[in-house]
Structures are given as C-alpha cells and as structure tokens.
Amino acid sequence: MTITAPHLGSPKAWTDAQLLYALEEVVEKELNRHLKVAKDWMPHEYVPFSDGRNFPGVFEDGEAWQADQSKVTDIGKIALVVNLLTEDNLPSYHHEIASLFGRDGAWGTWVHRWTAEEGRHGIVMRDYLLTSRAVDPDKLEQFRMAHMAEGFESDNRHSMLHSVAYVAFQELATRVSHRNTGHQSGDPVCDRMLARIATDENLHMVFYRNLLGAAFELAPDLTMQAVRDVVVNFRMPGHGMPGFERAAAQMAIGEIYNMRIHHDDVIQPVLRYLKVLSIDGLGPEGLKAQEELGLYMGGLDSEASKFDEKLAARKARMAARAGA
C-alpha cells in the first residue's frame with residue numbers, strides 16, 4: 001500500500017490534523033473489515049446468574065461476602081480486579097480518544113464502536129465477579145470510586161501518532177492479560193468469559209496495528225520515533241489504580257503479565273509483523289529512533305531473562321518447602 005497526499009505538504013511538517021485526514025481512508029477500510037469479522041455477543045450469556053444470591057442491604061435474606069465463597073484462585077481474583085478497574089475508566093478513555101481522533105467520519109464511527117465494545121467487557125466482568133462472589137463487593141466499589149475519581153491522562157495524549165502506537169501495543173497487552181487470567185482463574189466459566197473478551201481485544205489490536213502500518217508508509221520517521229517513545233515508556237492504563245504496583249508484582253510472579261510476557265507476547269509480535277526494525281529509507285531521526293528501539297529491545301530481553309531466573313529460583317524454593 002502506498003499513500004500519497006502531496007497537497008498536505010512536506011512529510012516533515014505533518015500535523016495531527018493532516019495525519020488524521022490522510023489516514024481517514026485507511027480507518028474506513030479497517031472499520032469495515034472489523035465490522036465484518038467482529039461478532040456481537042451478550043454479556044448475560046457468560047454469567048452464571050443461577051449461582052448468585054443477595055448481599056446484605058435492602059434484602060433481609062442478604063448473605064455477607066466471605067473469601068471462601070468463590071472457586072477463583074487468589075491470583076485470578078487479583079488480576080480480575082485489575083482488569084475490571086482498567087475497564088471502568090472507559091469514560092476517560094473515550095473522552096481522550098474522541099478528542100484526539102474526532103467524533104465525525106470513519107474516525108468517529110470507530111471511536112464510538114470501540115467504546116461500545118469495551119463497555120461490554122466491564123459489564124460482563126462485574127456481573128461475573130458479583131454473581132460468583134469472587135471479590136468483596138464493597139471493596140470493589142470503593143476501588144472503582146477511587147480509581148475513576150482520579151480520572152485518566154494518557155502519557156501519549158500530546159500526539160496522534162503516539163496514541164495510535166500505544167493502543168496497538170496496549171490492546172495486545174490487554175488481550176494477553178485477560179487470556180492468562182482466564183487460564184489461571186480455576187473456573188472454566190471465568191475462562192470462557194475472558195476468552196470472549198480477549199477475542200475482542202485482539203481485533204482492536206489488529207485495527208490499530210494495521211493503522212500503525214499505514215502511518216509508517218505515510219510518515220516513516222515520525223512513526224518510528226513515536227513507536228520508540230511508546231515502547232521505551234510503556235505503562236498499562238491501570239497504573240494509577242489503588243494498589244496497582246503490588247497487584248502488578250503479584251501478577252508478574254503469577255505469570256499473568258510480566259517482563260517476559262511483555263517482550264515475547266506483546267512488543268515483539270507487533271514489531272515483527274510491521275517489520276519495524278528492518279524498515280529502510282529512513283531519515284536521520286528515524287534511523288536514530290530505530291537503532292534506539294533495537295537497543296532497548298535487547299536490554300528488555302536481558303532483563304526478562306533475569307526475571308525468568310528469579311522466578312524459576314522462587315518456584316524451586318517453594319517446591320522444596322512443599323516437599324519438606
């Protein structure tokens with residue numbers, strides 16, 4: 001695919017408005033592809049409502065929550081709460097991407113469709129958590145209020161290209177996190193639910209990844225710099241939620257999401273698909289960004305290997321204690 005837009009001026013002088021206009025046709029194409037392959041689904045079909053019972057409150061027969069009422073594993077509970085609280089900030093995400101991408105034309109149609117699909121994820125996850133009594137409902141609501149009251153400001157809100165690059169990686173990261181949480185939840189119902197969510201997230205990743213590929217053809221140097229910045233400074237959108245650092249550490253040890261997973265299953269697949277580290281024809285700034293990105297990935301792989309060694313040693317110690 002070759003995109004030309006000579007009336008928009010020199011590639012070195014791209015503005016966000018010009019890039020949005022130049023990529024509109026690609027967005028429309030990807031939107032149409034998405035609508036053809038995406039399947040609508042009903043959140044209520046994935047929730048075991050027959051297992052639910054009243055909590056204390058207005059109901060006289062309400063039963064207080066207890067930690068042993070759910071079959072979900074401890075690491076599954078931690079990851080589910082992190083994933084749900086991330087989804088809960090959807091109003092802030094919508095405001096941010098709508099402000100960046102606009103509410104008109106193909107961009108606007110995509111923004112609203114994406115928001116609607118993400119909204120289903122929050123609905124089904126909360127219904128499952130409450131029905132299965134996997135977490136303390138009072139604490140869950142307190143966390144939601146605290147997290148949403150803080151709002152959300154992306155590290156990449158200053159640039160459309162940075163935002164597109166970020167969501168290409170972030171949607172895949174979310175997909176991987178949901179899928180691994182399901183696998184380790186200990187509940188087949190939860191696993192099926194999160195597999196359904198992960199399918200959506202993968203389609204979202206494909207949309208943004210393909211859009212990022214078009215941006216490379218249109219403005220390769222600027223796009224390379226954006227990808228470098230995003231990869232080097234990547235943070236998940238839930239980083240501001242209460243207790244995130246501790247939860248993230250537990251999820252890393254529990255192999256839900258850690259440096260090795262981040263390197264192998266999130267960053268590398270996107271870079272490899274778009275052939276980012278082998279793109280030629282770059283100018284000085286693009287070449288510099290490409291080289292720095294390659295060096296960073298080498299360092300990330302080394303750090304991931306160190307984490308792997310520590311995790312293996314930890315597993316060995318735990319196995320030894322269990323056998324003592």
Side-chain angles (χ1 to χ4, degrees), residues 42-89 120-148 174-198 236 238-258 261 310-324:
M42 303 299 128
H44 55 265
E45 294 177 350
Y46 288 82
V47 180
F49 285 108
S50 62
D51 293 346
R53 49 204 186 274
N54 294 334
F55 289 101
V58 298
F59 300 103
E60 294 182 1
D61 62 343
E63 180 182 348
W65 178 83
Q66 298 292 330
D68 61 355
Q69 292 171 339
S70 170
K71 65 183 73 174
V72 177
T73 61
D74 289 342
I75 188 59
K77 293 174 183 178
I78 292 167
L80 279 163
V81 170
V82 170
N83 292 347
L84 175 57
L85 290 180
T86 300
E87 300 285 358
D88 275 334
N89 246 344
R120 279 198 290 226
H121 303 166
I123 291 169
V124 71
M125 290 174 66
R126 175 166 280 100
D127 285 351
Y128 169 80
L129 286 173
L130 296 180
T131 300
S132 67
R133 291 183 170 241
V135 298
D136 184 334
D138 292 344
K139 288 186 177 179
L140 182 64
E141 177 61 10
Q142 291 162 6
F143 284 157
R144 186 190 71 85
M145 288 294 293
H147 186 41
M148 291 193 68
T174 305
R175 181 244 180 222
V176 169
S177 180
H178 282 310
R179 202 69 194 94
N180 288 343
T181 300
H183 289 329
Q184 300 200 39
S185 67
D187 182 7
V189 173
C190 181
D191 193 20
R192 287 194 297 270
M193 172 191 69
L194 292 177
R196 177 60 262 184
I197 293 174
M236 290 294 277
H239 60 80
M241 69 180 59
F244 178 78
E245 288 77 13
R246 183 169 186 271
Q250 292 170 309
M251 290 168 67
I253 293 171
E255 298 181 271
I256 300 290
Y257 198 95
N258 55 40
I261 293 169
K310 291 180 180 179
L311 185 60
R314 183 180 187 276
K315 289 180 178 179
R317 289 195 302 271
M318 293 182 66
R321 290 172 186 169

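- Annotation: F59, atom CZ; neighbour count of heavy atoms from other residues, nucleotides and ligands within 6.0 Å does not exceed 12.
- For the side-chain contact (heavy atoms from CB on, under 4.5 Å) with L84, the qualifying choice from V82, T86, L80, D88 is D88, the only one to do so.
- Between atom OG1 of residue T131 and atom NE2 of residue H44 there is a gap of 13.0 Å, rounded to the nearest 0.5 Å.
- Residues Y128 and M193 approach most closely at CB-SD, 3.6 Å, considering heavy atoms.
- The minimum heavy-atom distance linking N258 with A252 is given by the pair ND2-O, 3.1 Å.
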H178 vs M125, side chain to side chain contact (heavy atoms under 4.5 Å, CB included): CA-CA, chis, key distance, verdict: CA-CA 11 Å; H178 282 310; M125 290 174 66; 3.8 Å; yes

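- Among all heavy-atom pairs drawn from I256 and N180, the shortest one is O-ND2, 3.0 Å.
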Side chain to side chain contact (heavy atoms under 4.5 Å, CB included) between M236 and T174, worked out: CA-CA 8 Å; M236 290 294 277; T174 305; 4.1 Å; yes

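- Legend: salt bridge (charged side-chain N to carboxylate O under 4.0 Å, His left out) pairs involving residues 240-250, not counting sequence neighbours: none detected.
- Among residue pairs with one or both ends in residues 44-59, those qualifying as salt bridge (charged side-chain N to carboxylate O under 4.0 Å, His left out) are R53-E63; sequence neighbours excluded.
- Across all non-hydrogen atoms, the minimal contact from I253 to L311 is O-CD1, 3.5 Å.
- Annotation: the span from F55 atom CZ to D136 atom CG amounts to 8.5 Å, rounded to 0.5 Å.
- Not one N or O on the side chain of Q184 forms a donor-acceptor pair closer than 3.5 Å with the backbone of T73.
- Summarising the geometry, atom CG belonging to D127 is positioned 4.5 Å from atom CZ belonging to F49; distances are rounded to the nearest 0.5 Å.
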Verdict with supporting geometry, D138 and Q142, side chain to side chain contact (heavy atoms under 4.5 Å, CB included): CA-CA 6 Å; D138 292 344; Q142 291 162 6; 4.3 Å; yes

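- Smallest separation of non-hydrogen atoms from S70 and S132: CB-O, 3.5 Å.
- Within the 4.5 Å cutoff, side-chain heavy atoms of I78 are placed close to those of M251.
- Interatomic distance, I123 CD1 to M42 CE, rounded to the nearest 0.5 Å: 11.0 Å.
- Within the structure, every pair that satisfies the salt bridge (charged side-chain N to carboxylate O under 4.0 Å, His left out) test and touches residues 177-187, not counting sequence neighbours, is listed here: R179-D191.
- Taken to the nearest 0.5 Å, the NZ atom of K77 stands 12.5 Å off from the CD atom of Q250.
- Scanning all heavy atoms of the two residues, the minimum distance from I197 to V124 falls at CD1-CG1, 3.7 Å.
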